[in-house]
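In what follows, every chain begins at residue 1, and chains take the letters A, B, ... in the order their sequences are listed. Note that the coordinates shown come from a computational prediction; the quantities given were computed from them, not determined experimentally.
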2 protein chains.
Amino acid sequence: MGSLTEENYIKSIYALSQSTGEVYVSELAKKLDVKLPSVNSMMKRLAIKKLVAYAPYKGIKLTEKGKKEALAIIRKHRLAELFLVKVMGLGWEEVHDIAEQLEHVNSPRFYERIDELLNSPKFDPHGEPIPDSNGKIHTQQRTSLIDLAEGLTATITAVTEDEKSFLDHLNAKGLQIGDAVTIMKREMFDGSITLQHKSKKEILLTHQVAERIWVEL
Amino acid sequence: MGSLTEENYIKSIYALSQSTGEVYVSELAKKLDVKLPSVNSMMKRLAIKKLVAYAPYKGIKLTEKGKKEALAIIRKHRLAELFLVKVMGLGWEEVHDIAEQLEHVNSPRFYERIDELLNSPKFDPHGEPIPDSNGKIHTQQRTSLIDLAEGLTATITAVTEDEKSFLDHLNAKGLQIGDAVTIMKREMFDGSITLQHKSKKEILLTHQVAERIWVEL
DNA sequence: ATAAAATGTTAGATGCCTCTAATATTTTAA
DNA sequence: TTAAAATATTAGAGGCATCTAACATTTTAT
Ligand SMILES: [Mn+2]
Ligand SMILES: [Mn+2]
Ligand SMILES: [Mn+2]
Ligand SMILES: [Mn+2]
C-alpha cells in the first residue's frame with residue numbers, strides 16, 4: 001500500500017494502458033493534471049518499487065505487482081460505488097467522486113462487509129465489472145451504441161461513468177443500465193441516433209452521447 | 001478543509017484541551033506520536049491559518065474557527081462509527097480505526113445521507129455525543145463507575161472508545177451501553193469493583209477497566 | 001536528409017511534514 | 001537563589017510531490 005498519490009498514478013496507468021499495454025508520460029500527465037516532470041519523477045519512484053517498468057523515452061508499463069495493486073484499488077472503487085447506490089440510496093451520477101476517496105480507505109474488513117452486504121456483486125452501478133478479491137476481472141468486449149445498424153435491438157450494459165453531467169443527461173433522457181433500445185435512425189449528417197425505448201418514447205442522442213453507451217445484442 | 005495531517009492535529013488539540021482549554025506541545029507530540037519540533041512547526045502553520053492561538057512557550061488554544069473545524073471532524077467520525085455498526089453490522093470494537101479514515105472524507109452528501117439513514121442520531125456506539133451539523137455538541141457531565149458508592153444502581157452511558165482491546169474485554173464481560181449495573185463491592189486493596197448485572201451474573205472489574213466506564217444514576 | 005515540432009528528461013526550486021542536534025526558556029529542587 | 005531538570009524552540013536536513021526553465025531525444029514534415 002503506497003501513498004494516495006501513488007495509488008492514483010497506478011490506477012491511471014492501468015486505465016490508460018488497457019488497450020495497448022502501455023501509456024506515455026504525456027497522456028498520464030494530462031489525465032492526472034500535472035506537468036511532465038512530475039510524472040517523470042514519480043515513474044522513477046514507482047520503478048524502484050517494482051510497480052512499473054520504465055525506461056527513459058519509452059512507454060510506461062505496469063508490472064504484475066503494479067497490476068495487482070491497480071485491480072485492488074479498482075475493486076474498492078467499484079464496490080464503494082455500488083454500496084453508495086444500493087445501500088445508501090445515492091444516485092449513480094453522484095457516487096464516483098465519493099468513491100474516488102473511499103477507494104483509498106485501508107480496511108479489509110470494511111470492504112469485506114460491503115462485499116457481503118451486496119452479495120459479491122459482479123458489476124458496479126455504471127455496468128463496469130468488479131474485480132474479485134484475487135484481482136480477477138471479467139473484461140467483456142463492448143459494442144458502442146454508435147456502432148449498431150438501424151433496426152437492431154440491444155441492451156444497455158454499461159456507460160462511461162466519471163462525468164456527472166453525462167449521467168445527469170442520461171437521467172433526463174430516462175436511460176438506465178439494462179434497458180432495451182432499438183435503433184430507429186442513424187443520421188449521416190451529425191452522427192446522432194434515434195432510439196425506441198421501453199418508455200415507448202423516441203429518444204434522440206447525439207454522437208457524443210451515444211458513443212459512451214455500451215450495449216449487448 | 002486542510003490536509004489530513006492538519007485535521008488530525010486540530011482534532012487532537014480539541015480532545016486534549018477539553019478540560020483546561022489549552023494543550024502543551026509535549027502532550028500533542030505524545031498523542032500524535034511525533035517529535036516536538038514537528039508540533040512546533042505545525043503550530044506555526046495553524047496559527048497563520050488562524051486555527052490556533054499560539055505564542056512561543058505558552059499553551060496552545062483553538063480559535064473559534066479551529067473549534068468549528070474540530071467539531072466537524074468529530075461529527076464525521078462519530079456518524080461514521082454509528083453507521084458502521086447500525087447499517088453495516090460491524091462490532092463497536094472494530095469501527096474506530098475505520099472511522100479515523102472516514103472522518104477525512106470530504107463529501108457533505110455522503111454524511112448527509114448517513115445522518116438521514118440513522119435519523120439524526122445523538123450518540124455514537126460508545127456513547128459519545130454527536131455534534132450537530134452546526135457544531136453544537138451536548139457535553140454531558142459524566143460519572144465514572146469507579147466513583148459510585150456500594151449499593152448504588154446506575155446505567156452505563158459511555159465508554160472510552162479507541163482501544164480495541166478494551167472493548168473486546170467489555171464484550172467478554174457482556175457489558176454494553178444502556179446496561180443497568182449495581183455496585184456490590186468496592187475493594188480497598190486494589191480498587192476493583194464487583195457488579196450485579198442484568199445477566200444475573202456478578203462481574204468483577206479492575207480499577208483500570210471501571211474508570212473508563214461512564215454511568216448515569 | 002535536414003529542420004521543425006512534439007515529446008521526454010534533468011536541474012533546481014518550493015511547500016508540506018517529518019526528523020536530529022543544538023540552543024533557549026521555564027519549572028523544580030537543592 | 002542558583003543549579004539541574006523539564007519543556008520548548010530554532011537550525012538544518014531529508015523524503016514526497018509538485019513546479020518552471022533548460023536541455024535532449026524522437027517523430028514528422030519539408
Ligand atoms: Mn467511478
Ligand atoms: Mn463506476
Ligand atoms: Mn472513535
Ligand atoms: Mn466512538
Side-chain angles (χ1 to χ4, degrees), chain A residues 1-14 16-17 19-62 65-66 69-70 73 100-101 103-104 106, chain B residues 1-14 16-17 19-62 65-66 69-70 73 100-101 103-104 106:
Chain A
M1 264 252 324
S3 69
L4 187 146
T5 313
E6 237 177 74
E7 291 193 349
N8 284 333
Y9 271 92
I10 295 289
K11 198 169 55 121
S12 294
I13 295 168
Y14 182 90
L16 296 176
S17 64
S19 37
T20 62
E22 58 179 28
V23 59
Y24 297 103
V25 174
S26 53
E27 294 175 292
L28 208 42
K30 190 174 184 185
K31 169 100 167 182
L32 290 164
D33 197 26
V34 295
K35 304 297 176 184
L36 295 188
S38 304
V39 172
N40 223 277
S41 89
M42 180 58 93
M43 288 315 102
K44 283 180 187 169
R45 287 202 294 274
L46 294 182
I48 288 167
K49 294 190 174 186
K50 308 278 187 206
L51 290 162
V52 302
Y54 161 69
Y57 295 103
K58 296 282 181 295
I60 298 153
K61 291 184 186 119
L62 283 180
K65 188 181 169 199
E69 187 162 329
I73 303 163
E100 284 289 313
Q101 298 181 63
E103 74 191 6
H104 303 290
N106 175 19
Chain B
M1 264 252 323
S3 68
L4 186 146
T5 313
E6 237 177 73
E7 291 193 349
N8 283 333
Y9 271 92
I10 295 288
K11 197 169 54 123
S12 294
I13 296 168
Y14 183 89
L16 296 176
S17 64
S19 37
T20 62
E22 58 180 28
V23 59
Y24 298 103
V25 173
S26 53
E27 294 176 291
L28 252 190
K30 191 174 183 185
K31 170 102 166 178
L32 290 165
D33 196 26
V34 295
K35 303 297 177 186
L36 296 187
S38 303
V39 172
N40 224 276
S41 87
M42 180 58 93
M43 288 315 103
K44 284 182 187 168
R45 286 201 295 273
L46 294 181
I48 289 167
K49 293 192 174 185
K50 308 279 187 206
L51 290 163
V52 303
Y54 162 69
Y57 295 103
K58 296 282 182 296
I60 297 153
K61 291 185 186 117
L62 283 181
K65 189 180 168 200
E69 186 162 330
I73 302 164
E100 285 288 314
Q101 299 181 61
E103 74 191 8
H104 303 291
N106 175 19

What's the [atom1]-[atom2] distance between [X] and [N], to the nearest Å?
X: A:Met43; N: C:dG8; atom1: CE; atom2: P; answer: 12 Å
X: A:Glu7; N: D:dC16; atom1: CD; atom2: C1'; answer: 15 Å
X: B:Glu27; N: D:dA6; atom1: CD; atom2: P; answer: 16 Å
X: A:Asn8; N: D:dA17; atom1: CG; atom2: P; answer: 11 Å
X: A:Lys44; N: C:dG8; atom1: NZ; atom2: P; answer: 15 Å

With the side chain counted from C-beta on, respond yes when [X] and [Y] share a heavy-atom pair under 4.5 Å apart, and no when they do not.
X: B:Asn8; Y: B:Glu103; result: yes
X: A:Lys11; Y: A:Lys31; result: no
X: B:Val34; Y: B:Tyr9; result: yes
X: B:Leu46; Y: B:Ile60; result: no
X: B:Met42; Y: B:Thr5; result: yes

- prompt: Reckon A:Lys30 touches a base, only the sugar-phosphate, or nothing at all at heavy-atom distances under 4.0 Å?
  reply: nothing
All N/O donor-acceptor pairs, side-chain side in residues 48-56 of chain A, below 3.5 Å, sequence neighbours left out:
{"from": "A:Lys49", "atom 1": "NZ", "to": "A:Glu6", "atom 2": "OE1", "distance (Å)": "3.3"}
{"from": "A:Lys49", "atom 1": "NZ", "to": "A:Glu6", "atom 2": "OE2", "distance (Å)": "2.7"}
{"from": "A:Tyr54", "atom 1": "OH", "to": "A:Asn40", "atom 2": "OD1", "distance (Å)": "3.2"}

- prompt: Does B:Asn40 place a side-chain N or O at less than 4.0 Å from the phosphate oxygens OP1/OP2 of D:dT9?
  reply: yes
message: Tell me whether the side-chain N/O atoms of A:Tyr54 come closer than 4.0 Å to OP1 or OP2 in C:dT9.
response: yes
query: In B/S/- notation, 5' to 3', how is nucleotides 15-28 of chain C contacted by protein heavy atoms closer than 4.0 Å?
result: -SBBBBB--BS---
